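Worksheet: the structure to be examined is printed underneath.
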Amino acid sequence: MLQTLRRVARIVAGGLFLVVGVLGLFLPVLQGILFLIIGLTLLSSESVYARRSLEWLRTRWPQVRRTVHSERD
């Protein structure tokens with residue numbers, strides 16, 4: 001039961017971070033890419049699409065790889 005609750009919380013939080021990240025791409029106040037990375041990191045354990053998108057970001061921009069690895073640690 002607790003594991004299911006954590007999984008749902010991770011999915012909801014990841015989805016919210018993705019929404020804020022997309023909004024941040026268009027609004028000058030928010031750092032969109034940061035929220036997108038956090039959302040994809042949260043969702044990468046649940047979604048193949050999120051995992052592939054995160055890998056694409058890591059290969060496209062190497063500095064993202066360092067950020068993601070430091071966030072996971």
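Only a predicted model underlies this, so the values are computations on that prediction, with no experimental measurement involved.
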Same apolar cluster: [X] and [Y], side chain cutoff 4.5 Å:
{"X": "Phe35", "Y": "Leu27", "result": "yes"}
{"X": "Ile11", "Y": "Val48", "result": "no"}
{"X": "Val12", "Y": "Val20", "result": "no"}
{"X": "Leu18", "Y": "Leu25", "result": "yes"}
{"X": "Leu43", "Y": "Trp56", "result": "yes"}

Subject >> Whether over 12 other heavy atoms sit under 6.0 Å from Gln31 CD >> reply: no
Original post:
Heavy-atom distance under 4.5 Å between the side chains of Leu5 and Met1, does that happen here?
Top reply: no
Original post:
Are Thr4 and Arg7 side-chain neighbours, meaning at least one heavy-atom pair lies under 4.5 Å?
Top reply: no
**OP:** Please name the pair of heavy atoms, one in Arg10 and one in Ser45, separated by the smallest distance, quoted to 0.1 Å.
**Re:** NH1-OG, 3.5 Å
Original post:
Got a donor-acceptor contact below 3.5 angstrom from the Ser47 side chain to the Ser44 backbone?
Top reply: no
Original post:
So how far is it from Leu40 CG to Ile33 CD1, rounded to the nearest 0.5 Å?
Top reply: 8.5 Å
Original post:
What is the distance from atom OG1 of Thr41 to atom CG of Leu36, rounded to the nearest 0.5 Å?
Top reply: 10.5 Å
